[in-house]
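Some notes on the structure that comes next.
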Amino acid sequence: MKILEVKDVNKRFGGLKALSEVNLSVEENTVHAIIGPNGAGKSTLLNCLVGKLIPDTGSVMFNGQSVLGRAPHEINQMGISRVFQTPEIFGDLTVMENMMIPCFAKRDGAFELNAISSVQSQKDIIEHAEHVLDDMNMLDKRHMVASAMSRGDKRRLEIGMCLSQEPRLLLLDEPTAGMARADTNNTIDLLKEIKSKRDITIVIIEHDMHVVFSLAERITVLAQGTPLVEDTPENIKGHPKVREAYLGESSGH
Amino acid sequence: MFGLDKKDTMLLLLVAALTALAPFLLNPFPEGSALAQFNAGYPDLMQRFVIFGIFAIGFNILFGLTGYLSFGHAAFLGVGSYAAVWMFKLLSMNVLPAIVLAVVMSGLFALLIGYVSLRRSGIYFSILTLAFAQMMFALAYSVLTPITGGETGLQLALDDPRILDGGVETGGNIPVPGLFGMEMRDSVQLELGAWVFTFNFGYYFAAVVMLIAFYIAIRIFRSPFGMMLRAIKANQQRLNYTGLNTRPYTLAAFVISGMYAGLAGALMASMDPLAGAERMFWTASGEVVLMTILGGVGTLIGPILGAGAIKYMENIISKINSDILHNWFAFLPDGLEDLLVTLVYPFIGKGWHLTLGIIFMLVVIFLPGGLVEGGQRVARLFKSKKTDSSAAKPQTEPGE
Ligand SMILES: Nc1ncnc2c1ncn2[C@@H]1O[C@H](COP(=O)(O)OP(=O)(O)OP(=O)(O)O)[C@@H](O)[C@H]1O
Ligand SMILES: [Mg+2]
C-alpha cells in the first residue's frame, strides 16, 4: 500500500521554481531516500508534507487522506513526525522534558488542560521517555539543558523525540549532518532496529551516501525541483543521469 | 505536602511564614526613631504588597512561562475592581461574592481579548493587548460612565440596594467591606517597648488569598500544562510539529493570568471600596511587567519580590522630602550637607521613579534573572566558600 502520495506538486518562491511537477509515492513500511544537490528542493518538499508550506498546485495524500490545509499539529496527530535540517528542540528545557513532551502529545492529543497533577506523577510518560532516551544512549544526559548539548546530540534527541511518538511516517531531513562517525553509525543501527521491530515508513533526505545506501530501499533523485529518477539503490548507483546530475563528483571516491 | 515536592513545600512555607510575620518584619525600627520612616508594616502598604503580589504571580504565568508579553493586564485588574464594587452595591458587603464575580468577569474579558490578541505573537501581541487595555480605559473613563462612574470612579452610596444585607442597620454610614462580621479595616495594635505592630484583618485575609494563589501557581508550574507553556517559550514551532496545538495553551494561560489580575482588583476594592479607570491605565500594565522582570521572570517567588520591591519604593522613597534629607546629613559641614542634599534630592519624593529606573536598569543588565538570580548568586557564593574550605571542589552541575 502507498502510505504517501504526492501528485503534481508545484511550489514557487517569487520567480524561483522550487518544486515543479513533483510526483512521489512511498510504499508503506519502507525506507525511501530523497537525494539531490543543494537547493534541489528536498526540504521544500518535506515542508509541503508537514503543513509548513502549502503547494501552489497538486495534492499530498497520507494514508488516503489529504494533508493540505491542515495545521502542523493535526498532521502530526495523523501520524507524521519530522526531524528538521537544523535541529528543532526545546533549548531551555532539559533533555528529559524534551522527550516527555512528544509523549504527552501522543497520549493526550493536541490539547489537554492538565494543570492539577504534577509532571513527576506521570509515571507512564516518564517510563516511556526514559526508555527512548536509553535507546538513544542519552539517559545519562537527561538532566542536561538541551541547548547545552553538541549539535549531533541535539539531532539525536530530536530523532528520539520523533521516534517516541511511534509515527507511521517518519521524515528525516539530513539526520546525521553534524554527527560524529560513531554517532552516525549508531543512528543507522537505531533506525534499522526500529524498522525491524515495528511498522514504520521512513522518508530520509541525506547527503551522506553511506547512510543512504545502508538504509534506503528506494531512492528518488531530485534536481532543480523535479524528480530525475526513482529506483532501487543498486540501479541508482549505476544510473548515468544520476552520476551526471548528482553522484558525478562523489562517485569518484 | 499538598502534592508538592520537598523544595516547593519549603518555598510555600517560607512565603507563608514571611507573610504571617510581615507586621513584625516590616517594622524593624522603633516608633519615633530617625529610621522609622523606612517601616513598611502599616496595613495599607502591607495589603498592597500581597495584592500586587497576586497580580504579578498571575502575570508571570503568562509572561514567565509562555514568553507572551501582555501590555494590557491592568485592564483585568480594573474589571475585577468594578465587578467587586458592583457586588458591594447590589448584593452584599461580604467580600466573597465580590471576589467570585470579579474573577469570573475578568476571566471572560481575558478570554475575549486573549482570543483576538493571541492570533499574533511577539511585539504585535503586546501592541494588541495594549490597544485593548487603552480602549477599555477610554470606555471606563467616559463612554460607560453609568457603569463605571467615569472620571470620579465607582463609589458606594448610602442608598445602594445591598439585597442580602437588607436588614443590617448602617447607622447612617456607608458600610464597609467585610467577611462574616469582620471588617477589612479591623486592626489590632501591639505595643512592645518603643515598637508598635499593627495586625490588620484585611491584610491577613489578602495574605491568605495570596498564599492560595501562590500555591495554585506552583501547581501550574509543575504540571504538564506548565511544561507545555515553557515549551511554547522555548520553541513554539517544534511544539506544533510535535502535535500540540499551542493556541489553546496560550489562551488558557492568558485567561488564568487575567483571573489572577481580576482577583487582585477585587481585593483592592475590598480594602478600599472604590474603583477608578486609572487602574486600567497603561502605566499600571507596565508596572506589573516591571515587577515580574525585577523579581525574576519565570521564577516562582520572583514576582512577589518584585511587587514588594516596587511598592516599597513607591511608598517609602516617595515620602522622603528635603527636610528629612537635611536631617540625615545634618552632621556634615553646611556646604557639604547642601551639596549632598542637592545630589540626592532628584531621587526621592516624586523622583522615586528615577530611583526605580536606575535599579531596574542595573538589575536587567547585571542580573537578568532578577532579584531571584541575585539571591541565588549570593547563596552560591556562600556555598562555594564552604566547599572550598572543606577542599572538595564540586563539579559544576550539568546545564548550569
Ligand atoms: N521559504 C523560502 N523562501 C524563498 N525561497 C526558498 C524558501 N525555502 C527554500 N527556498 C529556495 O528554494 C530552493 C530549494 O530549497 P530547499 O531548501 O528545498 O533545498 P534542499 O534541496 O533542501 O537543499 P539543501 O541540500 O541545501 O538542504 C532553494 O533555492 C532555496 O533558496
Ligand atoms: Mg534542505
Side-chain angles (χ1 to χ4, degrees), chain A residues 50-52 71-84 87-98 100-122 125 140-149 158 161-162 164-165 167 171, chain B residues 1-9 58 61 64-67 215-257 259-260 297-299 369 395-400:
Chain A
V50 296
K52 190 172 185 183
H73 67 89
E74 292 173 322
I75 295 174
N76 174 280
Q77 293 285 350
M78 288 166 78
I80 303 180
S81 288
R82 168 171 183 189
V83 171
F84 286 83
E88 293 275 354
I89 54 172
F90 304 109
D92 296 344
L93 273 52
T94 65
V95 169
M96 184 62 183
E97 287 171 328
N98 268 271
M100 288 167 82
I101 286 171
C103 299
F104 275 114
K106 172 87 179 163
R107 191 190 74 181
D108 299 338
F111 174 69
E112 168 90 27
L113 187 61
N114 190 352
I116 300 302
S117 65
S118 80
V119 171
Q120 293 313 317
S121 68
Q122 311 287 313
I125 298 273
D140 55 328
K141 297 194 169 77
R142 65 174 175 271
H143 296 306
M144 236 174 130
V145 174
S147 62
M149 293 196 301
E158 197 184 2
M161 287 162 70
C162 288
S164 74
Q165 297 196 301
L171 306 175
Chain B
M1 214 199 303
F2 318 120
L4 302 181
D5 68 16
K6 208 169 145 219
K7 225 173 120 205
D8 291 337
T9 310
I61 291 175
L65 291 180
T66 70
Y215 169 72
I216 295 173
I218 300 179
R219 291 293 294 256
I220 290 176
F221 266 61
R222 302 296 180 233
S223 71
F225 172 68
M227 194 167 79
M228 295 306 170
L229 297 184
R230 284 188 295 129
I232 287 173
K233 184 177 181 181
N235 191 341
Q236 182 157 1
Q237 153 143 320
R238 181 21 103 195
L239 206 56
N240 280 320
Y241 292 101
T242 305
L244 288 148
N245 189 1
T246 51
R247 191 76 66 74
Y249 281 102
T250 48
L251 186 57
F254 194 90
V255 171
I256 291 170
S257 71
M259 288 162 79
Y260 269 77
V297 182
T299 63
Q395 297 220 315
T396 40
E397 266 175 58
E400 256 193 331

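Only a predicted model underlies this, so the values are computations on that prediction, with no experimental measurement involved. Below, each value reflects all heavy atoms present in this structure, side chains not excepted, and no hydrogens, waters or symmetry copies. Here is how names work: the chains are called A, B, and so on, in the same order as the sequence lines, proteins then strands, and each is numbered from 1.
- Taking all atoms of both residues into account, the shortest heavy-atom contact from B:Asn235 to A:Phe90 is O-CE2, 3.3 Å.
- In terms of heavy-atom pairs under 4.5 Å with chain A, the best-connected choice from B:Leu229, B:Asn240, B:Ile216 is B:Asn240.
- B:Ala252 touches chain A through its side chain: at least one heavy atom from C-beta onward sits under 4.5 Å away, while N, CA, C and O do not.
- Taking CE of A:Met161 as the reference point, atom OG1 of B:Thr242 lies at 5.0 Å (rounded to 0.5 Å).
- Once rounded to the nearest 0.5 Å, the distance linking CZ of B:Arg238 with CZ of A:Phe84 reads 5.5 Å.
- Atom OG of A:Ser117 sits about 13.5 Å away from atom CZ of B:Arg222, to the nearest 0.5 Å.
- Neither the backbone nor the side chain of A:Ser81 comes within contact range of chain B; no heavy atom of the residue lies under 4.5 Å from a heavy atom of that chain.
- Contacts of B:Leu239 with chain A are made by both backbone and side-chain atoms, with heavy-atom separations under 4.5 Å.
- If you tally non-hydrogen atom pairs under 4.5 Å between each of A:Thr94, A:Val119, A:Asp92 and chain B, the highest count goes to A:Val119.
- A:Glu88 is linked by a salt bridge (Lys or Arg N to Asp or Glu O under 4.0 Å) to nothing, counting only residues two or more places apart in sequence or in another chain.
- Ranked by non-hydrogen atom pairs under 4.5 Å with chain A, the options B:Pro248, B:Ala234, B:Gly243 are led by B:Gly243.
- In this structure, the side chain of A:Glu97 does not engage the main chain of B:Met227 through any donor-acceptor pair within 3.5 Å.
- Sorted by first and then second residue, the side chain to side chain donor-acceptor pair (under 3.5 Å) pairs involving residues 248-257 of chain B (not counting sequence neighbours) are B:His73-B:Ser257.
- Contacts of A:Met78 with chain B are absent, with no heavy-atom separation under 4.5 Å from either backbone or side chain.
- Note that CG of B:Leu244 is 10.0 Å distant from CZ of A:Phe104, once rounded to the nearest 0.5 Å.
- Interface remark: A:Lys52 contributes backbone and side-chain atoms alike to the contact with chain B (heavy atom separation under 4.5 Å).
- The parts of A:Ile116 that come within reach of chain B are both its backbone and its side chain, each placing non-hydrogen atoms under 4.5 angstrom from that chain.
- When A:Glu74, A:Lys106, A:Gln122, A:Glu112 are compared by the number of non-hydrogen pairs under 4.5 Å with chain B, A:Glu112 comes out ahead.
- Side-chain atoms of A:Asn76 come within 3.5 Å of backbone atoms of B:Tyr241 as a donor-acceptor pair (strictly under, hydrogens ignored).
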